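Here the structure is laid out as C-alpha cells; the discussion comes afterwards.
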Protein chains: 2
Amino acid sequence: MTISEVSKKYNLTADTIRYYEKEGLIPKVPRDKNGIRDFDEGSCGWIEFIKCMRSAGLEIETLKQYVSLFRQGTATVKERKILLIEQREKLLKKQEDIKATLDRLNYKIEKYEEIEKGKLKDFTEKP
Amino acid sequence: MTISEVSKKYNLTADTIRYYEKEGLIPKVPRDKNGIRDFDEGSCGWIEFIKCMRSAGLEIETLKQYVSLFRQGTATVKERKILLIEQREKLLKKQEDIKATLDRLNYKIEKYEEIEKGKLKDFTEKP
DNA sequence: ATAGTACTTAGAGTCAGCTCTAAGTCAATA
DNA sequence: TATTGACTTAGAGCTGACTCTAAGTACTAT
C-alpha cells in the first residue's frame, strides 16, 4: 500500500503519516527498492491505533514513548501498563470536563429556546 | 478583586486572564482610578464560564464570537443558540472518540494484567 | 524523449493558545 | 526617601502538532 492509499484509508494527510513515522509514533514502514514506503498490515494497524489515540487527545510525546517501550519487547509490559493507566486517568478527567460543559450547554440552549418561544421574556442574561 | 486573587480562585495565570480580556473572551473588566482591574461578580462569572468551555476544548475564536453576540443583546438569541448547538455537536463527537479510546485502553490494560499474572504467556503483540 | 504524476527528503512555516519580557506606574512599608 | 511588590502595557517567544516548500528521483503514457 502506498502512502496516498493509506492516507485515503485513514483520512490523514500523507504529510501527517510521514511526520508520525519520522517522530517514531509508528515503527519504520517497509520500503521498496526505490525507497518508497510500502505499508503492510502491521504498519496500517499502527496508524489506526495512533489515529484513535490522537483523536482522544493523547500527546505525540506519550505515544512516542509507548511505541518505544513496545519495541523493547515484553520486558516493558509493566511500564506500558502504567503509561496506559495514566492516559486512562487523563481521559476520564477529560470526559468529566466535557460532561460538565455539555450540561451547561444543554441548559443554555433550553433557556434560549424558552426565550424564542416567548416563555421567558425577561430573562436575566448571564454567561 | 485583583487579578491575582481571581487567578488563584480559578487556577488560571494572570497572563491568561489578561489574554482572555484582550481577545474579547470576557467583557472589559472594570478598573480603579489607577487603571488596575477590579473584578466584580460579573467578570468572575465570565471567567468561570470561559474556563469551563475551554476545559472542554471550545476554541478561543468561537468563545470570542459568543461573547460578541451576547453583548449585542437579545436580538442575537437565535444566533447564539445555533452557535451553542454546533458546539454541543462537537462535544458529543469528542465524547465518542474518548469513549472509543477508553474502551481500547481498558482492553489493553486488561491484557497487560493477564500477561503480568502469567495467564497469557504467549501474547501476540499488536499495537 | 518529453511531460506528467507519485513519491522522496530536510527543513522552514503556520496556527492556537498561551507565556514571558521589558519597561513603567503606584501604594505601602523600613 | 528608598525600596519592595503588585499591578500595567505592547509585543516577542514558546510549544505542540502539523503543513508546506523546494529540490530531486522514478515510473507511465503520449
Side-chain angles (χ1 to χ4, degrees), chain A residues 1-26 28-40 43-44 46-47 49-68 86-87 90-91 94 97 101, chain B residues 1-26 28-40 43-44 46-47 49-68 87 90-91 94 97-98 101:
Chain A
M1 246 186 161
T2 68
I3 201 164
S4 66
E5 282 163 348
V6 175
S7 152
K8 269 160 213 150
K9 183 168 178 186
Y10 294 107
N11 198 30
L12 293 169
T13 70
D15 272 327
T16 299
I17 297 167
R18 277 189 284 255
Y19 168 71
Y20 285 172
E21 191 195 9
K22 190 165 60 182
E23 292 296 310
L25 267 80
I26 56 172
K28 295 275 173 226
V29 177
R31 309 294 183 114
D32 72 8
K33 64 179 186 326
N34 296 312
I36 288 174
R37 289 172 186 84
D38 184 15
F39 293 78
D40 57 12
S43 293
C44 286
W46 274 101
I47 286 169
F49 173 71
I50 293 296
K51 189 189 167 162
C52 175
M53 297 297 125
R54 283 291 304 131
S55 81
L58 272 72
E59 288 175 14
I60 296 289
E61 201 52 47
T62 306
L63 295 171
K64 207 186 282 194
Q65 223 178 307
Y66 179 73
V67 178
S68 157
E86 268 173 31
Q87 297 312 305
K90 283 192 188 180
L91 288 192
K94 207 179 268 194
D97 288 343
T101 306
Chain B
M1 247 186 160
T2 68
I3 200 163
S4 66
E5 283 162 347
V6 175
S7 155
K8 268 160 216 151
K9 183 167 179 188
Y10 295 106
N11 199 30
L12 293 169
T13 70
D15 272 326
T16 299
I17 296 167
R18 278 189 283 254
Y19 168 71
Y20 285 173
E21 190 195 9
K22 191 166 58 180
E23 291 297 310
L25 267 81
I26 57 173
K28 295 274 172 229
V29 176
R31 310 294 183 113
D32 72 8
K33 66 179 184 328
N34 296 312
I36 290 176
R37 288 172 186 83
D38 182 15
F39 293 78
D40 56 12
S43 294
C44 286
W46 274 101
I47 286 169
F49 173 71
I50 292 295
K51 188 187 168 165
C52 174
M53 296 297 126
R54 284 292 303 133
S55 81
L58 271 73
E59 290 175 14
I60 299 287
E61 202 51 48
T62 306
L63 295 171
K64 204 186 285 195
Q65 222 179 310
Y66 180 74
V67 177
S68 157
Q87 298 311 308
K90 284 190 189 182
L91 288 191
K94 208 180 267 192
D97 288 342
I98 289 176
T101 305

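Note: hydrogens, waters and symmetry copies are ignored here, and every other heavy atom, side chains too, is used. Naming convention: chains lettered A, B, ... in sequence-line order (proteins, then strands); numbering from 1 in each chain. Quick caveat, the model's predicted, so the values are computed rather than measured.
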For residues 55-63 of chain A, which side-chain N or O atoms pair as donor and acceptor with protein atoms under 3.5 Å away, sequence neighbours left out?
| residue | atom | partner | partner atom | Å |
| --- | --- | --- | --- | --- |
| A/Ser55 | OG | A/Cys52 | O | 2.7 |

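Every residue two or more places apart in sequence or in another chain was checked for a side chain to side chain donor-acceptor pair (under 3.5 Å) with B/Arg54, and none qualifies. In this structure, A/Thr101 has no side chain to side chain donor-acceptor pair (under 3.5 Å) partners at least two apart in sequence or on a different chain. By the salt bridge (Lys or Arg N to Asp or Glu O under 4.0 Å) test, B/Asp97 pairs with B/Lys93, sequence neighbours left out. Judged as a side chain to side chain contact (heavy atoms under 4.5 Å, CB included), and not counting sequence neighbours, the contacts of B/Asp40 are B/Pro30, B/Ser43. In terms of the side chain to side chain donor-acceptor pair (under 3.5 Å) criterion, B/Gln65 has no residue partners (sequence neighbours excluded).
Note on A/Tyr20: a side-chain N or O is less than 4.0 Å away from OP1 or OP2 of D/dC18. Proximity of B/Thr13 to the phosphate of C/dC18: no side-chain N or O atom is located under 4.0 Å from OP1 or OP2. Remark: A/Lys33 is not in phosphate contact with C/dT8, judged by side-chain N or O atoms under 4.0 Å from OP1 or OP2.
Protein atom CG of B/Leu25 is 13 Å distant from nucleotide atom P of C/dA16, rounded to whole Å. In this structure, B/Asp32 atom CG and C/dA28 atom P are separated by 11 Å, rounded to whole Å. Between the CD atom of B/Glu59 and the P atom of C/dC18 there is a distance of 11 Å, given to the nearest Å. The interatomic distance linking A/Lys51 (NZ) with D/dA17 (C1') rounds to 16 Å, in whole Å. Computed from coordinates, the B/Ile50 CD1 to C/dA16 P distance equals 17 Å when rounded to whole Å. When the P atom of C/dG11 is taken as reference, atom OH of A/Tyr19 falls 16 Å away, rounded to whole Å. Atoms CD1 (B/Ile60) and C1' (C/dC15) sit 13 Å apart, rounded to a whole Å.
Among pairs with a residue in residues 15-24 of chain B, those fulfilling salt bridge (charged side-chain N to carboxylate O under 4.0 Å, His left out) read B/Asp15-B/Arg18, B/Glu21-B/Arg31, B/Glu21-B/Arg37, B/Glu23-B/Lys64, at least two apart in sequence or across chains.
With contacts defined as side-chain heavy-atom distances shorter than 4.5 Å, the pair B/Ile17/B/Tyr10 does not qualify.
Within the nucleic acid shown, B/Glu23 has no heavy atom closer than 4.0 Å to any nucleic acid atom.
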Strictly under 4.0 angstrom, non-hydrogen atoms only: write out the protein contact profile of nucleotides 3-12 of chain D, one letter per nucleotide from the 5' end, B, S or -. ----SBB-B-

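Interatomic distance, B/Ile3 CD1 to B/Ile47 CD1, rounded to the nearest 0.5 Å: 7.5 Å.
Each end of the helix from C/dA1-D/dT30 to C/dA30-D/dT1 yields a helix axis from five base pairs, and these two axes differ in direction by 20° (to the nearest 10 degrees).
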